[in-house]
Amino acid sequence: MKLFLVTAVISILLSACLKQSIPDAMLAKENSGGQGDVTATLSYKINGNAVNLTVPDAESQDPNSYTLGCTKFGGYIFDAETSTGEFTYNFFSDSLTVGHYSYFGSYGDMFFIDYNGQDEYAHYATDSMSFNVTSYKNGLISGNFSGQLSPLVSASTINNIYGAPGSILITDGSFQNVPVFY
Amino acid sequence: MPKGPLALAVLLAIAMQANAQLGVTKMVGNNTSQYTTGFTAFVKAGYPVSDGSDITLEIGADIFFLNDGYGTADGTIMCPLVAGYRYTLNGTGEGFYVEPQVGFNLAGVTSLHDASGNQINLNYHGVVFAAGAGYLFNVWHAPFDLNLRYETVVDHGGSNNFISLGISRYITFGKRNKQDY
């Protein structure tokens with residue numbers, strides 16, 4: 001009896017250590033297509049200052065807490081944690097496909113980048129951020145992006161104060177092999 | 001008749017008691033937040049091997065709905081067949097008990113939509129482990145079983161883990177060597 005109990009408890013504990021559900025594990029195998037570990041990258045320049053992020057074995061990241069990835073959550077949220085802060089982009093679409101996506105400040109205030117503690121927003125009508133998804137294959141997306149944003153100078157519960165319109169230029173934006181989680 | 005169902009039928013035939021249970025269940029673990037509370041149902045046969053313990057055989061169905069924003073019947077269904085050893089702590093066959101179980105998932109399917117919006121049906125089986133505890137009691141002269149258990153199905157390098165809470169009414173076909181139900 002004791003042996004049976006101990007064996008059962010150990011088996012359950014070991015199986016509970018598996019970090020993926022069965023569907024996630026099956027889909028990960030399908031998506032990888034036997035291609036092995038994939039390295040995801042993100043790079044861009046913010047007013048000429050380069051920001052780079054490389055994540056080896058990107059598909060093995062925890063879907064609930066990752067460094068570079070895209071999650072289906074209503075639409076799709078592209079998110080990265082770089083050494084200078086967060087980078088995020090919302091794809092307002094039920095289905096993420098290869099194509100061009102844009103967000104304009106006229107749609108409403110939207111946060112995109114935290115650069116060394118300064119938040120960059122699309123706020124003014126002339127602000128924008130554009131994403132091109134050039135490849136979506138095996139659960140991985142690649143593409144490029146650019147934009148011009150405005151810095152949040154002072155946050156307030158009544159009115160936020162923003163800096164010069166379009167004073168934050170995002171150039172040479174590129175992302176490769178970013179895993180899409182759902 | 002295939003050997004598996006035949007063996008099950010034989011065991012059910014010699015079983016001294018049988019349960020039918022309904023309960024609620026919750027998928028737990030990574031990336032399971034979109035699963036709503038599910039339902040579980042099973043029938044279980046038990047054969048007493050001592051005054052305080054039974055060997056059990058159980059076949060059930062666990063149903064989980066996936067709220068993934070598509071408004072469809074996405075979710076997971078599994079049908080585990082498990083054998084267990086139910087041991088009442090006071091050695092009487094009543095009161096609190098523990099019950100480790102091991103078995104096989106006869107059928108499992110998860111329906112969901114991929115990132116491109118295409119529906120996918122994933123079929124699998126897998127080994128099943130479960131650890132349960134419960135309380136056997138009578139309401140008037142009707143025997144009931146209130147139980148809680150953790151169950152895991154392992155296949156394809158992943159595991160579906162869930163916690164179930166249920167109450168069952170059971171029927172005895174024979175008596176232990178003491179005053180019973």
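Chain letters run A, B, ... following the sequence lines, proteins first and then strands; every chain starts at 1.
The parts of B:V153 that come within reach of chain A are both its backbone and its side chain, each placing non-hydrogen atoms under 4.5 angstrom from that chain. For B:N123, the part lying near chain A is the backbone, with the side chain staying farther off; criterion is any non-hydrogen pair under 4.5 Å.
When the side chains of ILVMFWY residues are joined at heavy-atom separations under 4.5 Å, either directly or via intervening members, A:V55 and A:F145 end up in a single hydrophobic cluster. Under the 4.5 Å side-chain heavy-atom criterion for Ile, Leu, Val, Met, Phe, Trp and Tyr, A:Y101 and A:I77 are members of distinct hydrophobic clusters. Residues B:I63 and B:M27 do not share a hydrophobic cluster, defined by chaining ILVMFWY side chains whose heavy atoms lie under 4.5 Å apart.
Contact of the A:I22 side chain with the B:T110 side chain is not registered, since no non-hydrogen atoms from C-beta on lie closer than 4.5 Å.
Residue B:F65 qualifies as open at atom CZ: its count of foreign heavy atoms under 6.0 Å is 12 or below.
The distance from the CD1 atom of B:I120 to the CE atom of A:M26 is 10.0 Å, given to the nearest 0.5 Å.
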